[in-house]
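Atoms within a ligand are numbered from 1 in the order they appear, just like the ligands themselves. Quick note: numbers below take in every heavy atom, side chains included, and nothing from hydrogens, waters or symmetry partners.
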Amino acid sequence: MDNKIRLDIVTPYGLILSEDVDELTATGSEGEFGVLPGHVPFITTLKIGMLIIKKGGKVEYVFVSSGYAEVTFEKVVVLADSAEKAEDIDVSRAEAARKRAEERLAQAEKYDFGRATAAVERATIRIQIAVKKTAR
Ligand code: ATP
């Protein structure tokens, strides 16, 4: 389709999103990158972060846990460990997850520091995205 790019977000839990968008921004391991239709093909790993999707004058936010993005001329496929659209984020669950992970960080000798840090990051970004949705 002219001036649109297809975005598919796939996780082990299912297809989270499949739509034609105008533009998207994601957090790659080398930093943020933007994709417009006709972008040069590439593959990158993704960090825990948010996808910012522009579509018909609207902006949507999607949480993406770590994974990969494959960009071709007409399509972006995101393969992530988990992903949720802003409206599907359960804020209480994210707050509970953050509290649990922070308690683990405080007992570093008992828990895996890297896992707890990643859990804090996931929960914090989920909360940020959910707040953006309600602030619109
Ligand atoms: P938790 O400790 O609450 O499970 P987590 O970061 O360990 O959080 P993930 O492993 O990233 O969770 O995701 C497991 C599944 O639960 C995925 O389907 C993900 O989309 C969903 N999920 C996790 N947290 C939330 C949330 N706050 N709101 C909605 N869905 C969530």
* Asked: What is the closest protein heavy atom to atom 4 (O) of ligand 1, and at what distance does it sit?
  -> R93 NH2, 2.8 Å
* **atom 29 (C) of ligand 1 - nearest protein heavy atom and its distance** => D88 O, 3.2 Å
* To do: Identify, for atom 10 (O) of ligand 1, the protein heavy atom at the shortest distance, and state residue, atom and that distance.
  => Y13 OH, 4.3 Å
* To do: Check each of T25, T27, L46 against F33 using the side chain to side chain contact (heavy atoms under 4.5 Å, CB included) test, and report the only one that passes.
  => L46
* To do: Determine, for E19 against K55, whether the closest basic-nitrogen to carboxylate-oxygen distance falls under 4.0 angstrom.
  => yes
* **Verdict with supporting geometry, V77 and K75, side chain to side chain contact (heavy atoms under 4.5 Å, CB included)** => CA-CA 7 Å; V77 179; K75 195 168 177 174; 3.8 Å; yes
* Asked: Quick one: do K54 and D22 make a salt bridge, cutoff under 4.0 Å?
  -> no
* To do: State the atoms of ligand 1, each with its element, that fall below the 4.0 Å cut-off from a heavy-atom position in R100.
  => 1 (P), 2 (O), 3 (O)
* Structure fact -> Any heavy atom of S82 under 4.0 Å from ligand 1? The part involved is side chain
* **Identity and distance of the protein heavy atom lying nearest atom 19 (C) of ligand 1** => E84 OE2, 3.1 Å
* Nearest-neighbour protein heavy atom for atom 7 (O) of ligand 1, which is reported as residue plus atom name and distance -> R122 NH2, 3.3 Å
* Asked: Is any NZ, NE, NH1 or NH2 atom of the basic residue among K99 and E95 found under 4.0 Å from an Asp or Glu carboxylate oxygen of the other?
  -> no
* Any N or O of D90 that comes nearer than 3.5 Å to an N or O of ligand 1? -> yes
* Of all the heavy atoms in A83, does at least one lie under 4.0 Å from an atom in ligand 1? -> yes
* Candidate list L36, V78, V76, test side chain to side chain contact (heavy atoms under 4.5 Å, CB included), partner L24, passing option -> V76
* **side chain to side chain contact (heavy atoms under 4.5 Å, CB included) evaluation trace for V71 with I43** => CA-CA 6 Å; V71 177; I43 293 181; over 6 Å; no
* Structure fact -> min-distance protein heavy atom vs atom 8 (O) of ligand 1 -> R126 NH1, 3.9 Å
